There are 2 protein chains.
Amino acid sequence: MGETQLGRMQFRIMQVLWDRQRANAREITEALNEAEPVAHSTVQTLLRQLEAKGAVGHEAEDRTFVFFPRLKEDRVKRTAARELIDRVFGGNVGGLVAHLVKNERLSRDELDALHRLIDQSQQD
Amino acid sequence: MGETQLGRMQFRIMQVLWDRQRANAREITEALNEAEPVAHSTVQTLLRQLEAKGAVGHEAEDRTFVFFPRLKEDRVKRTAARELIDRVFGGNVGGLVAHLVKNERLSRDELDALHRLIDQSQQD
DNA sequence: AGTTGTTGTTTACCATAGTAAATCTACATT
DNA sequence: AATGTAGATTTACTATGGTAAACAACAACT
């Protein structure tokens with residue numbers, strides 16, 4: 001069941017939680033508002049949705065709910081990447097990578113880092 | 001304006017069109033049904049949506065509409081990849097690539113090919 | 001005690017994707 | 001001419017994400 005399919009804002013909320021481990025709704029709203037205005041009640045609705053799908057949990061503390069992530073950042077990112085690979089690149093990871101190298105201008109540093117990553121991953 | 005945001009099925013229809021250049025609704029339905037059952041009227045609705053957003057065009061031929069892609073495959077794939085990079089990896093291409101190398105098992109061949117692509121892209 | 005502010009809950013709307021039946025339209029075949 | 005068939009168009013419904021106001025409960029301040 002848990003397909004871990006997150007929308008744009010839902011994902012941004014998760015990022016705040018991965019960052020802080022725990023945060024109440026107000027704190028999340030404020031963190032999001034640093035970058036982009038969003039109403040507090042919107043954030044609360046999204047938290048509700050996220051909880052409904054098991055992406056976050058909460059515990060009451062004092063009068064307020066403190067939320068925490070139930071999904072691991074890596075896991076969610078992996079799912080998102082997989083999603084793209086399957087839908088757009090026919091399930092072929094290499095297709096995506098080739099596309100990136102060809103179309104997304106990588107800096108010299110990024111290319112070097114990539115080189116290193118590849119070499120390293122060839123060890124095992 | 002044209003944000004070129006395609007859904008799952010919409011994308012699959014585009015793939016058929018990129019494949020064949022031109023096709024009528026019936027042909028598209030049949031092509032899709034090779035892999036996954038979908039009602040013809042559904043395909044028609046999706047074609048309508050795609051046309052509304054400028055992703056496909058059509059011209060009458062005989063009694064039927066022949067559809068063709070209005071968007072380039074590369075362009076759409078690029079947008080999709082960008083989308084993931086922005087939402088999930090904070091706009092950092094390297095982040096995605098690192099993630100891929102770390103989490104998506106690439107075959108020896110893929111890694112070699114990747115090596116070559118990188119070297120090549122360092123020329124310009 | 002009454003007002004204010006915070007927090008959570010309920011309710012409501014809109015857009016988009018996906019699904020598909022129902023209907024219209026026009027030609028082809030009998 | 002009647003009927004059937006294929007295609008297009010209309011209509012409808014569900015799910016999800018995003019947006020947010022309205023409301024209720026309660027603590028705190030004056």
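In what follows, every heavy atom counts, from backbone to side chain, and hydrogens, waters and symmetry copies are set aside. Fair warning: this is a prediction, and the values are worked out from it, not measured in the lab. Lettering follows sequence order; numbering is per chain, from 1.
- In this structure, the side chains of B:F65 and B:N24 stay at 4.5 Å or more apart for every pair of heavy atoms.
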Does the ring pair (Phe, Tyr, Trp, His ring centres under 6.0 Å) test come out yes or no for B:F68 and B:W18, once each step is laid out?
CA-CA 8 Å; B:F68 52 87; B:W18 287 324; over 10 Å; no
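- By the criterion of side-chain heavy atoms lying less than 4.5 angstrom apart, applied directly or through intervening Ile, Leu, Val, Met, Phe, Trp or Tyr residues, A:V38 is grouped together with A:I13 in one hydrophobic cluster.
- For the pair A:R8 and A:E36, the salt-bridge criterion is met [side-chain N within less than 4.0 Å of a carboxylate O].
- Salt bridge present: B:R82 and B:D86 bring a charged side-chain N and a carboxylate O closer than 4.0 Å.
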Protein-proximity profile, nucleotides 1-19 of chain D, B/S/- by nucleotide at the 4.0 Å heavy-atom cutoff, equals ------SBBB------SBB
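- Between B:L47 atom CG and C:dG18 atom C1' there is a gap of 13 Å when expressed in whole angstrom units.
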